[in-house]
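Keep in mind it's a predicted model, so treat the numbers as computed, not measured. Below, chains carry the letters A, B, ... as their sequence lines are ordered, and counting in each starts from 1. When reading the values below, keep in mind they use all heavy atoms of this one structure, side chains included, and skip hydrogens, waters and symmetry mates.
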Amino acid sequence: MTTVTRFAPSPTGLLHLGNIRTALINWLYARTNNGKFILRIDDTDLERSKDEYISQIKYDLDWLGIDFDETFNQSSRFDRYREQFEKLKADGRIYPCYETSEELERKRKLLIAAGGKQVYDRSAMELTDQQKKDYEAEGRKPHWRFLLKTERMKWDDLLKGEIDIDLTSLSDPVLFREDGVPLYTFSSAVDDIDYGITNVIRGDDHTSNTAVQVEIINALDQNKITFAHHALLKASTGDKLSKRDNVISISSFREANMEPISILSLLATIGTSNSIELKDNIDQIKSEFKLSTISTSPGRIEIDVLNALNKKQVQKYNFSEIEERLKKIDEKIDQKFWETIRGNLNVVEDIKQWTDIVFNSETIKPSDKDYIKIAMELIPDDPWNDETWGQWTSAIKEKTGRKGKELFLPLREAFTGLNHGPEMKLLIQLLGREKIIERVEL
RNA sequence: GGUCCCUUCGUCUAGCGGUUAGGAUAUCUGGUUUUCAUCCAGAAGAUCACGGGUUCGAAUCCCGUAGGGACCGCCA
């Protein structure tokens, strides 16, 4: 049997590190098992789903290099859900309920106050035909609940091991809303069957939901799906990840000029027993992937780790690999420029700061004027090479008697305006004799 | 309140009854780079959440407690 996995985001927000980790794991599981990976857009909630999020999701996946073999929207399958709904209805597995949201909300609050189980009381099952008729006459339309019959649902979770859930602690799930729209719990079960999903790998937040879904799947067909639940990721503060938390959205990282491989490397190592390191590419991640390395305890995202990985990647880039990108930032960036500057960048685009410094025409007034004056008197003639800086500073040293930081730092500041940066030996060659003379305002 | 899960260096983790509790990353120190970064070498860092129990022996098995998370929606 071919392995088939799926990633099923709802287009109600941006993909974040947590979501994309689930996507990556499913993708990796499919790809390493010679299987299929399906992207399913869970957009049954028409009001909250937005087209812009659908395209964002696809863009994010593509940007990271996570490809899929097939994609579909749940909104295109309402007929099928209706069909399966009729089947459950005929089998007597679902029952109509007439409570309004407000009534249910009130009931729930009462249950909480009483300190009892916050589980739907199944009072709709007691309704007589006449009562139902009366409700309908009132203009009420029923929503439909699935009757949970199993007391304990057990399965062998690929990540968590033996799971044994008490289904009596859960409410009978609503499968169809009053307006006829199927809910996730149902549509997902239907699709997982119809599309031959063999492995559902998802976050721990779905664990008890899985118990419910397995019973639904069994009511429709015989469950053949193997489930795996991974621990959720936490924010670096220890809080839960939120969809509305833009700082960890994939698009925000893209806007911050983060490299895809840095994000992938983080996701492939965080919350796993793998070494925290930068991977060469997604193929390497694929070849090293093992589901069992994923931890069952929630890990936290340290943005500093991501930043460090990104910095490593930036410094690893050969000029030829990102020449096009660099030319877009500034035509004048050449190989020598890149190799001189890259060690001082956190993200590739930071190079702008250095094209400004090297190519602009602003002058700098040195604070240590007398010293710089002496230095400028000793400026070597063209052509400059790797030896120039050493010769020049030796001459300055001899004349002024300065050494170490006192000797070098004022020069760096006078030429670049910064107290840190690439090796001066190389940097002055990028600047050139003429530019340095122009720059220093005495 | 109920159900299910989690807890080992700052962080991510290995560990399946006997280990000097291992690795990665971050940190610190030294060397290289006449700065920073890189690189190399080294160091420090964990009363294994707590309390009991079982055992000759527990991070590991059992019970309890605490802390954290998830779910108990006409969201997904």
Side-chain angles (χ1 to χ4, degrees), chain A residues 8-13 19 42-45 47-49 74 97 99-101 104-105 108 111-120 141-145 152-153 157 160-161 163-171 173-185 187-188 202-212 229 231-232 234 236 238-240 243 266 269-277 293 295-302 304-305 308-309 311-312 315-316 342-346 389-390 393-394 397 403-405 407-409 411-413 418-425:
Chain A
S10 71
T12 55
N19 298 327
D42 283 5
D43 57 351
T44 50
D45 189 337
E47 281 140 49
R48 300 203 307 145
S49 298
Q74 288 198 315
C97 303
E99 298 93 337
T100 62
S101 300
L104 288 171
E105 185 61 32
R108 212 172 290 127
L111 287 170
I112 291 170
K117 280 190 178 182
Q118 292 167 47
V119 171
Y120 177 63
K141 284 210 170 70
H143 57 276
W144 296 78
R145 285 187 191 262
R152 300 204 75 91
M153 181 60 75
D157 196 280
K160 298 177 76 164
I163 302 282
D164 184 359
I165 303 271
D166 179 5
L167 270 184
T168 63
S169 70
L170 265 25
S171 293
V174 174
L175 260 34
F176 267 79
R177 302 202 309 206
E178 176 194 334
D179 61 5
V181 170
L183 258 16
Y184 166 81
T185 310
S187 53
S188 178
R202 68 214 314 198
D204 200 22
D205 51 339
H206 281 284
T207 305
S208 40
N209 186 230
T210 292
V212 172
H229 295 87
L232 265 17
K234 291 186 295 185
S236 47
D239 296 331
K240 71 173 276 189
K243 249 188 191 181
L266 176 78
T269 56
I270 199 167
T272 75
S273 54
N274 302 324
S275 293
I276 300 167
E277 63 181 14
T293 62
S295 170
T296 50
S297 60
R300 64 177 69 194
I301 296 166
E302 295 284 348
D304 285 347
V305 174
L309 290 171
K311 187 167 189 162
K312 283 210 170 86
Q315 295 177 359
K316 207 171 107 181
R342 67 177 166 190
N344 290 76
L345 305 175
N346 291 313
W389 177 246
T393 52
S394 297
K397 185 179 179 181
K403 58 180 181 180
K405 208 172 181 178
L407 174 69
F408 298 100
L409 201 58
L411 296 170
R412 176 184 287 283
E413 285 175 340
L418 296 173
N419 60 5
H420 59 90
E423 243 186 288
M424 285 303 283
K425 172 174 104 175

Look at the side-chain N and O atoms of [X] and state whether any lies under 4.0 Å from the OP1 or OP2 oxygen of [N].
| X | N | result |
| --- | --- | --- |
| A:Thr269 | B:A24 | no |
| A:Thr44 | B:A76 | yes |
| A:Arg48 | B:A76 | no |
| A:Arg177 | B:C75 | yes |
| A:Arg145 | B:C74 | yes |
| A:Ser295 | B:U13 | yes |
| A:Arg152 | B:C4 | yes |

Students often get this wrong, so: under 4.0 angstrom with heavy atoms, is [X] touching a base, only sugar-phosphate, or nothing?
| X | answer |
| --- | --- |
| A:Glu105 | nothing |
| A:Gln315 | sugar-phosphate |
| A:Asn274 | nothing |
| A:Glu277 | nothing |
| A:Pro422 | base |
| A:Thr293 | nothing |
| A:Lys425 | nothing |
| A:Gly421 | base |
| A:Ile165 | sugar-phosphate |
| A:Leu345 | nothing |

Positive for side-chain contact (heavy atoms from CB on, under 4.5 Å) with A:His143, one of A:Leu104, A:Thr100, A:Leu183, A:Val181: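 The single option meeting the side-chain contact (heavy atoms from CB on, under 4.5 Å) with A:His143 is A:Leu104.
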Test applied, side-chain contact (heavy atoms from CB on, under 4.5 Å); reference residue, A:Thr272; option that passes from A:Asn274, A:Ile270, A:Ile276: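 Passing option: A:Asn274.
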Do [X] and [Y] pair up side chain to side chain, a donor and an acceptor below 3.5 Å, judged on atom types alone?
| X | Y | result |
| --- | --- | --- |
| A:Thr210 | A:Arg202 | yes |
| A:His229 | A:Asp204 | no |
| A:Gln74 | A:Tyr184 | no |

Give me the distance, rounded to whole Å, that separates [N] from [M] when you measure between the [atom1] atoms they each carry.
| N | M | atom1 | answer |
| --- | --- | --- | --- |
| B:C50 | B:G73 | C1' | 36 Å |
| B:G57 | B:G30 | C1' | 42 Å |
| B:C61 | B:U20 | C1' | 25 Å |
| B:A59 | B:U32 | C1' | 41 Å |
| B:U60 | B:U8 | C1' | 11 Å |
| B:C9 | B:G22 | P | 13 Å |
| B:A26 | B:U65 | C1' | 33 Å |
| B:A24 | B:C62 | P | 31 Å |

Which of the following nucleotides, [options], is nearest to the side chain of [X]?
| X | options | answer |
| --- | --- | --- |
| A:Arg108 | B:U35, B:C74, B:C72 | B:C74 |
| A:Leu183 | B:U11, B:C75, B:A70 | B:C75 |
| A:Leu407 | B:U35, B:C72, B:U34 | B:U34 |
| A:Leu232 | B:G23, B:C6, B:A70 | B:A70 |
| A:Lys312 | B:C12, B:A26, B:C4 | B:A26 |
| A:Ser273 | B:U13, B:G73, B:U3 | B:U13 |
| A:His420 | B:C6, B:U35, B:C5 | B:U35 |
| A:Gln118 | B:C36, B:C6, B:C72 | B:C72 |
| A:Ile270 | B:U11, B:C12, B:C72 | B:C12 |
| A:Thr207 | B:A14, B:C4, B:U35 | B:C4 |

Watson-Crick or G-U wobble mate for [N], both contacts under 3.5 Å:
| N | result |
| --- | --- |
| B:U55 | none |
| B:G42 | B:C28 |
| B:U35 | none |
| B:U19 | none |
| B:C71 | B:G2 |

Quick one: does [X] reach the base of [N] with a side-chain donor-acceptor pair under 3.5 Å?
| X | N | answer |
| --- | --- | --- |
| A:Arg300 | B:U11 | no |
| A:Ser297 | B:U13 | no |
| A:Asn344 | B:C36 | yes |
| A:His143 | B:C74 | yes |

Nearest-nucleotide comparison on RNA chain B, the residue closer to the 5′ end among A:Pro298 and A:Leu409: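 Its nearest nucleotide being more 5', the pick is A:Pro298.
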Aromatic-base stack, A:His206 on B:A70, cutoff 5.5 Å, angle under 30: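 Base of B:A70: not stacked against A:His206.
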Rounded distance in Å - [atom1] ([X]) to [atom2] ([N]):
| X | N | atom1 | atom2 | result |
| --- | --- | --- | --- | --- |
| A:Lys234 | B:G10 | NZ | C1' | 14 Å |
| A:Asn19 | B:C75 | CG | P | 19 Å |
| A:Met424 | B:U35 | CE | P | 12 Å |
| A:Leu418 | B:A37 | CG | C1' | 14 Å |
| A:Asp157 | B:C71 | CG | P | 16 Å |
| A:Glu99 | B:C74 | CD | P | 9 Å |

Atom of A:Pro173, atom of A:Thr185 and distance for their closest heavy-atom approach: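 The answer is CB-CG2, 4.3 Å.
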Minimum heavy-atom distance A:Ile112-A:Gln118, with the two atoms named: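 In this case the closest contact between A:Ile112 and A:Gln118 is CG1-CD, 3.3 Å.
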A:Pro422 backbone acceptor or donor facing A:Arg412 side chain under 3.5 Å: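 Yes.
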Check: A:Gly343 main-chain N/O paired with A:Gln315 side-chain donor or acceptor under 3.5 Å: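 Yes; at least one donor-acceptor contact below 3.5 Å.
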Within 6.0 Å of NZ in A:Lys141, more than 12 heavy atoms from elsewhere: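 No, the 6.0 Å shell around NZ holds no more than 12 heavy atoms from other groups.
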